[in-house]
Amino acid sequence: MRLGSSLITGRVLRSASMGWNDKIVKQLEEENHESWTLTLHSLSDLSHISPIVFLYLIKECYASGTLKATRKFGALQHQVHQVLNNGPRPGPATFVIHCLYALPIFDIYCEGFSHLIISSLRRFLKANLADSMQAKDLAAHLFVDMVQGYVYHDERILVKIVEVYDVRLTNLENVICQLKATDINFRQVTALTFLEQYIFKLIKSQSYMTAVTLLEHFSIHQFGKSFLLAMMEKKEFRAAEKWATFMGKPMLCLLVQEYIDRQMLKYAYMTIKKNNLRQEFADVYHQCKESSMKQLAEKGCWDVAESKAKGDIQLIEYLVYLAMEAGYPEKVDELCDRYSLQGFPKAKELDATFLHRKHYLCLKELGIEDVFWVDRVDSLHTATYRIEESKVVGVDCEWKPNYVKGSKPNKVSIMQIASSRSVFIIDLIKLSGDVPHILDNCLSRILQSSSILKLGYNFQCDMKQLASSYETLGCFKHFEMLLDIQNVYKESSGGLSGLAEEILGAGLNKTRRNSNWEQRPLNQNQLEYAALDAAVLVHIFHHIRDQSQQGTADGNDKIEWKSSIISHLDNAKTTKKNVRNRTRCRVETN
C-alpha cells in the first residue's frame with residue numbers, strides 16, 4: 001500500500017498526534033525524511049489502517065535511521081502504547097490479536113514485534129479496558145491455534161497472551177465448542193483436557209516455567225512431589241518455588257526441606273522468610289541468619305549484622321560471640337549494655353585473652369612514637385610542616401559506611417598521613433567546615449608535592465571518594481608522586497592485612513573498618529586502627545626498597561617498584577558507576 005505525499009500535513013501536527021520522542025523523530029526524519037514522515041502521519045489515525053499495514057509501518061519505523069536497536073525498540077514500545085489510542089478497529093485489544101496472527105510472515109521481526117505490541121497493550125489496558133472483554137474469546141482462539149502449531153510464536157508470547165487478555169477455561173471452552181462442529185479431533189476434547197495435554201508436553205520438553213505459569217493461571221492443582229523433584233533436579237529453582245507457592249504450605253515445606261537436604265541454606269532461608277515458615281523451620285532459620293551475620297561481621301559490617309538480628313536475643317548473643325572471636329571488645333561491651341546481656345566478659349578481660357590467641361600488628365611494633373589528632377588550624381600547620389620533612393608517607397582515609405542501597409556514600413571523615421615515626425589523623429569534616437581554604441592549601445602542599453612519595457593501597461578508590469566528598473577543594477583534583485602498593489604486589493591476597501602478614505609476619509585487625517568514623521571523639525581503638533592503616537604502608541615500602549637494593553644476592557627475586565610510581569595523576573570526574581562501587585571497593589580491598 002502506498003499513500004500519497006499530499007497526506008503529509010507538517011512536522012508539528014504529526015509528532016503532536018502521537019507524542020513521539022522529539023529527538024528520535026528529528027534524527028530519523030533527517031536520515032530518511034520521506035518514509036519516516038509518511039509513517040508518522042499514517043499512524044496518527046488507525047481507523048482505516050489494517051493490521052498488516054500497521055505492522056509494515058512499524059517495521060519501517062524500526063528500520064529507519066542508525067540509532068542503536070535497543071533505543072529504537074524502547075521508543076517504539078512506548079509509542080505503540082500511545083498510538084493504540086488512535087482508533088484501531090474494531091478495538092485495540094482485537095486489533096493486537098489480528099496483528100499477532102499476521103506477525104509470523106514478518107520473519108526475523110516476528111519475535112521482537114510480538115513482545116513489543118503485547119507489552120504495549122498490557123500498559124494500555126491498565127488505563128483503558130476498551131474491547132478487552134470482547135477480545136477474550138479471540139485471544140483464546142489464538143492460544144488454541146498456537147498450541148496446535150497453526151500460528152507460530154514462542155512460549156513467552158503464549159503466556160503473555162493468556163495473562164494480558166486474562167484468558168480463562170470458559171473462554172477456551174467456547175472456542176473448543178465452536179471447533180467441535182468443524183474438526184473431528186475436538187469431538188471428545190474439553191478445555192481442561194486440551195490444556196492438560198499441552199502442559200504435559202511442556203513438562204516433557206522441560207519448559208517448566210511455562211508449564212507452572214499455565215497451571216497457576218488456570219488454577220489446575222495437579223502433580224505432586226515428583227513434579228517438584230524433577231524441577232529441582234534440573235535446577236529450575238524459580239519454577240519450583242513458583243509452583244510450591246501456588247500449591248500451598250505443604251508443598252512449600254517440601255521445597256524448603258529439599259533445599260536443606262541439598263545444602264542450599266540461602267535458598268531455604270529466603271523461602272522461609274518470604275512465606276512465613278519460621279515456626280516450621282526455626283533451627284534452619286536461625287542457622288541461616290547466623291551464617292548471614294557471620295559474613296557481615298567478617299566484612300566489618302557490625303551495624304548491619306545487628307540490624308539483621310531485629311532484636312532477637314539469641315542472634316544478638318551470637319553476634320557478641322562473633323565480636324569476641326574477632327577481638328572487638330568494645331563491640332562486646334556495647335552490645336551487652338544495649339541489650340542488658342549478662343555473663344559475658346568485659347573488654348579488659350577480652351583484650352588479655354585475645355592477645356594470646358591471635359597476634360595482630362600494633363603501633364609500637366612499627367616504631368610509631370606519636371599519633372596526632374588534627375582538628376585545629378595550629379595543629380594543621382604543624383602537621384603540614386612535619387610531613388613536608390618526610391620523603392615517604394603513607395596515606396589512607398576513612399568514612400562512615402552507608403548501607404542504604406542506591407544512596408550516595410558518606411563524606412570522607414578523616415585522612416591519615418604517616419611518616420616513619422608519627423601519624424597525623426586529619427579531621428576533614430571539621431576543618432573543611434571551619435577553614436576550607438587553609439585545609440586546601442596545606443593538603444595541596446603534601447598531595448601535590450613532587451618531592452614526597454605518597455604510598456596508598458588501592459588509593460584510586462580513596463581518591464575518587466575524596467574528590468566527590470570535597471568538590472570545592474583543589475587539593476583532591478590531582479596528585480603528584482603516587483605509589484599504589486597494590487600494584488607492586490598484584491598477586492597478593494587478603495588485602496592490606498594479608499599483605500602485611502605476608503611481609504611483616506602479622507596482619508591488621510580489620511574488625512573496626514566499618515565503624516562510625518563521624519562520631520567525635522573517635523575512641524582509642526578507632527584511632528589506633530586508622531593510624532595502623534597508614535603506618536603499615538611505610539613499613540611495607542621499606543621492605544620493598546630493601547629487597548630491591550639486595551637484588552638477587554640472597555636468592556630472592558628483585559622487586560620492581562619504581563615503574564609503578566605515578567608522577568602526576570588528575571582525579572577525573574567520578575562516574576555514577578564509580579560512586580555505586582566505592583563502598584564495596586573499600587570492603588574488598590581492605
Side-chain angles (χ1 to χ4, degrees), residues 383-384 387-399 409 412 414-420 423-424 426 428 439-471 473-500 502-503 530 533-549 557-575 577-579 581-586 588-590:
T384 304
I387 293 168
E388 285 181 314
E389 294 174 352
S390 303
K391 295 296 183 183
V392 179
V393 295
V395 181
D396 191 38
C397 57
E398 308 292 344
W399 60 89
V412 175
I414 59 171
M415 172 178 274
Q416 311 95 271
I417 302 177
S419 64
S420 297
V423 182
F424 300 89
I426 302 171
L428 294 179
L439 175 67
D440 195 11
N441 175 262
C442 289
L443 290 182
S444 293
R445 286 161 54 185
I446 299 168
L447 300 177
Q448 297 170 10
S449 169
S450 59
S451 60
I452 304 174
L453 179 62
K454 275 76 67 177
L455 309 171
Y457 191 87
N458 190 31
F459 195 56
Q460 185 178 10
C461 193
D462 292 349
M463 287 166 50
K464 291 185 187 327
Q465 178 66 354
L466 285 164
S468 176
S469 298
Y470 302 98
E471 295 178 350
L473 299 185
C475 57
F476 300 131
K477 296 194 184 305
H478 73 267
F479 299 80
E480 302 280 345
M481 291 295 286
L482 292 177
L483 177 60
D484 194 328
I485 298 296
Q486 189 182 42
N487 293 333
V488 179
Y489 289 93
K490 294 180 180 179
E491 296 180 1
S492 180
S493 60
L496 181 58
S497 178
L499 183 60
E502 179 183 333
I503 292 175
D533 263 13
V536 77
L537 292 168
V538 178
H539 283 263
I540 290 174
F541 172 74
H542 288 161
H543 173 83
I544 294 171
R545 187 184 58 191
D546 293 345
Q547 285 289 95
S548 178
Q549 290 172 351
D557 293 334
K558 181 178 179 180
I559 300 175
E560 176 55 48
W561 58 275
K562 291 183 179 180
S563 61
S564 297
I565 294 176
I566 300 174
S567 58
H568 178 89
L569 182 64
D570 287 319
N571 201 352
K573 187 175 181 180
T574 306
T575 64
K577 182 177 179 181
N578 286 328
V579 170
N581 290 339
R582 205 166 294 132
T583 300
R584 184 182 67 185
C585 183
R586 291 283 288 169
E588 289 177 349
T589 58
N590 284 323

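Nothing fancy with the numbering, it's 1 onward along the sequence. The basis for the numbers below is simple: all heavy atoms, side chains too, and nothing from hydrogens, waters or symmetry mates.
- Scanning all heavy atoms of the two residues, the minimum distance from Leu496 to Asp533 falls at CD2-O, 3.8 Å.
- Annotation: side-chain hydrogen bond (donor to acceptor under 3.5 Å, both in side chains) contacts of His542 (sequence neighbours excluded): none.
- A donor-acceptor pair under 3.5 Å is formed between the side chain of Lys454 and the backbone N or O of Ser449.
- Nearest heavy atoms, Leu537 versus Leu455: O-CD1, 3.4 Å.
- Contact detail for Ser564 and Leu483: the closest heavy-atom pair is CB-CD1, 3.6 Å.
- Taking each heavy atom of Val538 and Ala418 in turn, the nearest pair found is CG2-O, 3.6 Å.
- Using bins of under 30°, 30° to 60° and over 60° for the plane-to-plane angle, the ring pair Tyr470/Phe476 lands in the tilted bin.
- Judged by distance alone, with hydrogens and angles left aside, the side-chain atoms of Lys477 form no donor-acceptor pair with the main-chain N or O of Asp570 at under 3.5 Å.
- Between the side chain of Ser469 and the backbone N or O of Gln465 there is at least one donor-acceptor pair closer than 3.5 Å.
- Tyr489 has its side chain within reach of Ile503: a pair of non-hydrogen atoms, C-beta onward, lies under 4.5 Å apart.
- Of the possible polar contacts, none joining the Asp396 side chain to the Ala534 backbone as a donor-acceptor pair under 3.5 Å is found.
- In this structure, CD in Gln448 is found 8.0 Å from CZ in Phe479, a value given to the nearest 0.5 Å.
- Nearest heavy atoms, Cys475 versus Leu447: O-CD1, 3.8 Å.
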### Query
Are Val395 and Met415 close enough, and set up right, to give a side chain to side chain contact (heavy atoms under 4.5 Å, CB included), and what steps lead you there?
CA-CA 7 Å; Val395 181; Met415 172 178 274; 4.3 Å; yes
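- Trp399 has its side chain out of reach of Leu466: every pair of non-hydrogen atoms, C-beta onward, lies at least 4.5 Å apart.
- In this structure a side-chain-to-backbone donor-acceptor pair under 3.5 Å is present from Asp440 to Gly474.
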